[in-house]
Amino acid sequence: MTIRDVAARAGVSPATVSRVFSQPEAVAPDTRQRVLAAAEELRYAPNPVARSLARRRTGNLGIVVPDIVNSFSAVVIKAVQQEARREEYALFVAASDEVADDEERWARALAPQVDGLLLMSPLSSDTFLLDLAATVPVVVTNRQLDGIPAVLTETAPATGHAVEHLHALGHRNLVYLHGPNGYSDSRRVVGLQAACTRLGLDPVLLGPFPARFSSGVRAADLVLAAGATAVVAFNDDIAAGLLNRFADRGVRVPDDVSVVGHDDTALAEMVTPRLTTVHIPAAATGATATQLLIQHIRGANGAARRCELSSELIVRRSTGPALVPAG
């Protein structure tokens, strides 16, 4: 039996079932009783070990990230650790390597050992996340799911600004390199396609690719084969891989191809040429998510259920001067 089975039997949403087990005081008594009756009838119960540990407090928080060596993940983890230390929590860290099954395995393993879990851009199913949230307080980043607190970064406007910037420089043949499927990639695509429609551009979309340096190396040849003069990558790691492969092939950036990344990690300042990128507030993401999680653990009345952060385009050398004279 899953949380969705209980929800169907009780005539409520899965998020309500999750709240009955994680924050029963937040649910109306008659609804709570109906859910508990349905759970008993179906013999459904969240993991009792995780529930008991959550009640007595462990003094630990957990975070599962897609890739522990990713530049963006590293900044988020550091910010989470700083907030956790300030609140006298220890932090357990695990990485899923962008595999949903591994993400679920780590989340199950950590749940009995922590007071709350932070999942960064999770790939797991809605059902799994709601079941998990019924056993331990959970906060996610860049994933929208009713009943689970979230920190979201809206990148669509800034990605659109990147397209407008490239168009103003004379670029008409544009490629976008998808990252892993999910909220972050979908918002980038929304911004890119909206700007392209306004400007009369027909972008080539390639991928999805893992959010890694090696993906950019692999994608570079595809970008050149598409005849692109500009490429927007899902993140800075992929963009750095592009720069590496372009250099090997004697392709000049930005003279032959302009490159834009996302995240604005330290990597963007280290590569040559320095990378034009969409700044995403990694440290603020980690800090805000941790604060939200601690509020959730403490059952704070009126605690925010969703926080939205903004992003902005940072222009550097990798997009270079105009391809054609102005006017």
Side-chain angles (χ1 to χ4, degrees), residues 66 70-80 120-121 140-144 150-171 174-180 182-199 201 203 205 211 216 230-240 242-243 253-254 257-292 304 306-322:
N70 177 275
S71 305
F72 188 83
S73 295
V75 177
V76 171
I77 291 169
K78 182 176 181 180
V80 172
M120 183 179 164
S121 302
V140 298
T141 71
N142 293 324
R143 176 75 175 267
Q144 295 188 81
V151 177
L152 309 172
T153 299
E154 177 55 90
T155 56
T159 304
H161 295 160
V163 173
E164 293 168 352
H165 169 64
L166 293 169
H167 182 269
L169 294 176
H171 295 280
L174 176 69
V175 165
Y176 174 73
L177 300 181
H178 282 284
Y183 175 87
S184 296
D185 188 67
S186 68
R187 297 310 301 165
R188 288 156 169 68
V189 172
V190 165
L192 177 127
Q193 291 185 325
C196 285
T197 298
R198 290 195 305 271
L199 298 170
L201 301 179
L205 277 59
V231 53
V232 178
F234 171 78
N235 72 348
D236 293 345
D237 291 62
I238 294 176
L242 288 171
L243 296 178
V253 176
V257 181
S258 289
V259 178
V260 177
H262 282 78
D263 288 347
D264 193 24
T265 60
L267 186 61
E269 291 275 11
M270 295 178 183
V271 295
T272 302
R274 293 186 306 143
L275 188 63
T276 293
T277 184
V278 172
H279 173 79
I280 298 175
T285 296
T288 303
T290 307
Q291 294 161 3
L292 203 57
R306 184 170 294 167
C307 297
E308 187 167 297
L309 307 177
S310 60
S311 58
E312 64 175 326
L313 179 67
I314 306 297
V315 177
R316 299 192 180 99
R317 182 75 180 92
S318 70
T319 47

Can you tell if the side chain of [X] reaches within under 4.5 Å of the side chain of [Y], non-hydrogen atoms only?
| X | Y | answer |
| --- | --- | --- |
| Asp236 | Ser71 | no |
| Val75 | Thr265 | no |
| Ser121 | Thr141 | yes |
| Leu201 | His171 | no |
| Val253 | Leu242 | no |
| Arg316 | Pro273 | no |
| Glu164 | His167 | no |
| Leu309 | Thr285 | yes |

I'd like to know if the side chain of [X] and the backbone of [Y] have a donor-acceptor N/O pair within less than 3.5 Å.
| X | Y | value |
| --- | --- | --- |
| Asp264 | Ile280 | no |
| Glu154 | Ala156 | yes |
| His178 | Phe234 | no |
| Asp263 | Phe72 | no |
| Asn70 | Ala211 | yes |
| Thr277 | Val260 | no |
| Ser318 | Val259 | yes |

Minimum heavy-atom distance between [X] and [Y], given as atom pair plus value:
| X | Y | answer |
| --- | --- | --- |
| Leu169 | Pro321 | CD2-C, 3.9 Å |
| Leu166 | Val232 | CD1-CG2, 3.8 Å |
| Val80 | Gly286 | CG2-O, 3.6 Å |
| Leu152 | Arg143 | CD2-N, 3.6 Å |
| Asn235 | Ile238 | OD1-N, 2.9 Å |
| Asp185 | Gly179 | OD1-N, 2.9 Å |

Distance, nearest 0.5 Å, that separates [atom1] of [X] from [atom2] of [Y]:
| X | Y | atom1 | atom2 | value |
| --- | --- | --- | --- | --- |
| Leu177 | Arg188 | CG | CZ | 12.0 Å |
| Thr319 | Arg274 | OG1 | CZ | 11.0 Å |
| His165 | Ser258 | NE2 | OG | 7.0 Å |
| Ser73 | Lys78 | OG | NZ | 15.0 Å |

| Taking atom types as modelled and ignoring hydrogens, do the side chains of His262 and Thr155 form a donor-acceptor contact shorter than 3.5 angstrom? | no

| Residues two or more places apart in sequence or in another chain: which of them pass side-chain contact (heavy atoms from CB on, under 4.5 Å) with Ala194? |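 Ala194: side-chain contact (heavy atoms from CB on, under 4.5 Å) contacts with Arg198.
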
| side chain to side chain contact (heavy atoms under 4.5 Å, CB included) evaluation trace for Leu243 with Thr272 | CA-CA 8 Å; Leu243 296 178; Thr272 302; over 6 Å; no

| task | Show the numbers, then the answer: is there a side chain to side chain contact (heavy atoms under 4.5 Å, CB included) between Asn142 and Arg187? | result | CA-CA 10 Å; Asn142 293 324; Arg187 297 310 301 165; over 6 Å; no

